[in-house]
Amino acid sequence: MIYMHQFIPRNASHRLQQLQHWGRLRQEQVGQAYYLTKDTVLQFLRRQLERGNWREVQEVLRGKPMTRAGQFLYHELRDRVIGKLIMRLGLRKIIAVGLAMVLLPVILAQVAGELLRRIRQ
């Protein structure tokens, strides 16, 4: 069972629109941020699986990073996403943090759902 709904911000699309307006982001920047975040998440999780961190990746995908290793993995992933948003899109840190806080749980839930669908087939 995936419990990501607890971590997805309420009215995520509304918050994203508010952030877009407040940060004066263009629609293409929001799209680029989404794809950059998704690519970063997939690369990060793939790298962690190659290192053998199966349990921690499973906790992060379930949305319940309860162990210290799972929490560390989630925070490291969030920091990487923020860093890439700042470096590649040239966003201010506060805007990059806001985008990461909105996009990361949504993308993790999508990745987990896609993974479960592939496993069931």
Side-chain angles (χ1 to χ4, degrees):
M1 176 72 64
I2 298 175
Y3 301 102
M4 283 307 279
H5 68 278
Q6 297 173 357
F7 296 98
I8 296 176
R10 292 189 186 117
N11 302 326
S13 62
H14 178 67
R15 288 187 184 198
L16 188 59
Q17 288 173 351
Q18 286 178 332
L19 186 62
Q20 182 180 359
H21 177 69
W22 180 75
R24 295 184 183 96
L25 298 174
R26 295 183 311 271
Q27 187 64 34
E28 71 179 40
Q29 285 179 308
V30 174
Q32 289 173 347
Y34 175 81
Y35 288 115
L36 181 66
T37 303
K38 187 170 183 176
D39 288 343
T40 304
V41 166
L42 292 175
Q43 289 172 1
F44 181 80
L45 293 177
R46 194 173 293 129
R47 193 173 320 114
Q48 293 303 319
L49 289 173
E50 289 172 357
R51 291 180 182 171
N53 297 332
W54 294 89
R55 184 167 293 171
E56 292 81 8
V57 169
Q58 184 181 13
E59 287 179 5
V60 170
L61 286 177
R62 283 187 178 174
K64 294 197 143 214
M66 301 303 277
T67 64
R68 287 182 188 245
Q71 289 176 352
F72 176 76
L73 218 62
Y74 180 77
H75 292 298
E76 186 177 339
L77 175 60
R78 186 185 64 200
D79 292 342
R80 283 184 188 232
V81 167
I82 292 169
K84 284 194 177 186
L85 288 173
I86 291 170
M87 295 302 291
R88 293 213 182 149
L89 297 181
L91 300 176
R92 291 182 291 170
K93 185 174 182 178
I94 188 72
I95 296 172
V97 169
L99 278 172
M101 297 302 285
V102 172
L103 292 176
L104 194 57
V106 173
I107 291 173
L108 283 173
Q110 288 175 349
V111 168
E114 180 69 25
L115 182 64
L116 284 176
R117 188 164 35 89
R118 287 187 182 185
I119 289 173
R120 289 180 184 162
Q121 290 179 350

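Every heavy atom of this structure was used, including side-chain atoms; hydrogens, water molecules and symmetry mates were not. Keep in mind the model is a prediction, meaning the values are calculated, not measured.
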Checklist line | Heavy atoms from other residues, nucleotides or ligands near NZ of K38 exceed 12 (cutoff 6.0 Å) | finding: no
Note to self: Using 0.5 Å steps for rounding, measure from the CG atom of L85 to the OG1 atom of T37.
What the structure shows: 4.5 Å
Next item on the list: Check whether any side-chain heavy atom of V111 sits under 4.5 Å from a side-chain heavy atom of L45, and report yes or no.
Entry: yes
Note to self: Return the CG to CZ distance between L73 and F44, rounded to the nearest 0.5 Å.
What the structure shows: 4.0 Å
Check: What pair of heavy atoms forms the shortest contact from A33 to L99, and how long is it?
Finding: CB-CD1, 4.0 Å
Notebook entry, point to check: Should R118 and E114 count as an ion pair when the cut-off is N to O under 4.0 Å?
Noted result: yes
Next item on the list: Measure the CG-CD distance between L49 and E56 for me, rounded to the nearest 0.5 Å.
Entry: 10.0 Å
Item checked: Over all atoms of both residues, closest heavy-atom pair of Y74 and V60 -> N-CG2, 4.2 Å
Next item on the list: Supply the atom-to-atom distance I95 CD1 to I82 CD1, rounded to the nearest 0.5 angstrom.
Entry: 13.0 Å
Notebook entry, point to check: Which heavy atom of A100 sits nearest a heavy atom of P105, and at what distance?
Noted result: O-CD, 3.9 Å
Margin query: Tell me if the CZ atom of R88 is crowded by more than 12 foreign heavy atoms within 6.0 Å.
Written below: no
Note to self: Nearest 0.5 angstrom please: I107 CD1 to Y35 OH, how far?
What the structure shows: 10.0 Å
Check: Could you go step by step and tell me if E76 and F72 meet the side-chain contact (heavy atoms from CB on, under 4.5 Å) rule?
Finding: CA-CA 6 Å; E76 186 177 339; F72 176 76; 3.0 Å; yes
Next item on the list: Taking all non-hydrogen atoms of both residues into account, name the closest pair between Q48 and V57 and its distance.
Entry: CB-CG2, 3.7 Å
Next item on the list: Could you grab the distance from atom CG of L77 to atom CZ of R47, nearest 0.5 Å is fine?
Entry: 10.0 Å
Note to self: Checking L61 against L115 for the side-chain contact (heavy atoms from CB on, under 4.5 Å) test, could you report, in this order, the C-alpha distance in whole Å, the side-chain angles of both residues, the deciding distance, and whether it holds?
What the structure shows: CA-CA 9 Å; L61 286 177; L115 182 64; 3.8 Å; yes
Notebook entry, point to check: Can you name the closest pair of heavy atoms from V106 and V102 and give their distance?
Noted result: CG2-O, 3.5 Å
Next item on the list: Carefully, step by step, assess Q43 and K84 under the rule side-chain contact (heavy atoms from CB on, under 4.5 Å).
Entry: CA-CA 13 Å; Q43 289 172 1; K84 284 194 177 186; 3.4 Å; yes
Notebook entry, point to check: Taking NZ, NE, NH1 and NH2 as the nitrogens, is one of them in E59 or R55 under 4.0 Å from a carboxylate oxygen of the other?
Noted result: no
Next item on the list: Say whether M87 and L89 are linked into one hydrophobic cluster, either directly or through other cluster members, by side-chain heavy-atom distances under 4.5 angstrom.
Entry: no
